[in-house]
Amino acid sequence: VHFSDAAVDLLLGGSCAGCARPGRLVCACCADELADAVATAGPVWPDPVPPGLVQPFAATAYDGAVRGLLLGHKERRLLTLRGPLAGLLAVAVGAAAQEAGPGPLVLVPVPSRRGSARSRGHDPTLRITAGAARLLRRSGVDAVARPLLRSRPGVVDQAGLDAAARAANLAGSMHCPTGLVRRLAARRTAARAVVCDDVLTTGATAREAQRALEAVGIEVLAVATVAATRRRSVPRDG
Ligand SMILES: [Zn+2]
């Protein structure tokens with residue numbers, strides 16, 4: 001897997017995914033920007049807040065280098081970008097865990113739409129989430145990644161939909177197969193879930209994931225994303 005990831009990057013790379021400057025896939029300048037972003041990681045709320053949404057946390061704002069990296073990973077399949085993106089997601093999860101106190105975590109990626117990413121063998125959110133869980137374990141946090149959610153057919157692309165239309169599009173669109181829940185419950189009885197996604201926009205996707213997990217009795221602690229759209233994100237106390 002690592003060899004083919006690198007080969008794809010060699011074929012498609014040759015410029016920074018964050019700013020298109022020729023050279024490395026993540027240039028020194030964008031790496032600095034990512035490092036700075038980590039200092040701003042914390043709670044964010046979409047506006048309006050979907051009713052009942054648990055506290056979302058994001059590593060940074062959805063612009064600049066992070067936006068380029070997320071698009072490069074998702075659309076251009078620059079798979080070695082998983083490392084830095086997983087690092088940012090791990091920081092967001094870490095912020096959530098710090099507020100909630102110790103205890104095992106299950107990181108649950110939001111599912112890709114049927115017929116999109118997963119059928120083409122590329123599920124960017126799952127990849128980033130699994131990478132974040134590995135990084136957290138390495139730093140002593142009891143975390144695993146589990147793709148517990150499935151998307152029902154009939155959900156359309158969210159792009160271009162406003163908050164209300166997104167919520168309607170997504171209502172009841174996810175479910176958690178009971179076999180997966182039983183296996184999780186048998187092994188991690190006290191685990192709390194953190195819903196993981198790449199970008200927090202209206203919060204509709206995260207809210208639907210939270211609903212589907214709670215419907216099968218899983219406690220949802222928080223939402224964690226790599227980035228949040230700046231326009232709609234305000235600090236909880238601001
Ligand atoms: Zn750059």
Side-chain angles (χ1 to χ4, degrees), residues 1-44 46 56-96 107 109-110 112 116-117 120-136 138-139 145 157-160 194 196-203 205-206 223-235:
V1 171
H2 290 294
F3 172 76
S4 60
D5 287 2
V8 168
D9 290 349
L10 280 171
L11 287 170
L12 301 178
S15 62
C16 172
C19 67
R21 188 174 293 150
R24 279 189 291 168
L25 201 49
V26 181
C27 74
C29 185
C30 285
D32 281 352
E33 191 182 319
L34 295 181
D36 289 348
V38 169
T40 66
V44 289
F57 292 81
T60 186
Y62 184 58
D63 57 20
V66 168
R67 185 170 181 277
L69 263 56
L70 280 167
L71 290 173
H73 183 251
K74 191 176 193 168
E75 309 296 340
R76 293 167 61 209
R77 296 194 182 206
L78 301 173
L79 300 186
T80 56
L81 295 178
R82 178 175 70 168
L85 292 172
L88 290 171
L89 182 59
V91 166
V93 174
L107 312 191
V110 300
S112 54
S116 66
R120 299 195 307 262
H122 179 46
D123 189 333
T125 308
L126 174 58
R127 279 175 184 275
I128 296 171
T129 303
R134 259 195 303 279
L135 290 169
L136 288 161
R138 226 178 276 165
S139 63
D157 194 337
Q158 295 281 90
V194 177
C196 292
D197 203 354
D198 52 0
V199 182
L200 183 80
T201 305
T202 64
T205 304
V223 173
T225 63
V226 173
T229 52
R230 191 191 289 277
R231 195 156 50 84
R232 297 166 193 261
S233 306
V234 290

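What you see below is based on every heavy atom in this structure, not just the backbone, and it leaves out hydrogens, waters and symmetry mates. Counting convention: from 1, in listed order, for ligands and their atoms alike.
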- Identify which one of Thr229, Val226, Thr205, Thr225 satisfies the side-chain contact (heavy atoms from CB on, under 4.5 Å) criterion when paired with Leu200. Thr225

- Results of side-chain contact (heavy atoms from CB on, under 4.5 Å) for Ala227 - residues two or more places apart only: Thr60, Tyr62, Val66, Leu70

- List in chain and number order the residues that pass side chain to side chain donor-acceptor pair (under 3.5 Å) with Asp197, two or more places apart in sequence or in another chain; answer none if no residue qualifies. none

- Item | Pro46 vs Thr202 side-chain heavy atoms within contact, under 4.5 Å | no

- Message: For Ala90 versus Leu136, what's the shortest heavy-atom pair and its separation?
- Response: O-CD2, 3.7 Å

- Item | Protein N, O or S atoms under 2.8 Å from the Zn ion (ligand 1) | 4

- Residue set satisfying side chain to side chain donor-acceptor pair (under 3.5 Å) with Asp63, at least two apart, ordered chain then number -> Arg230

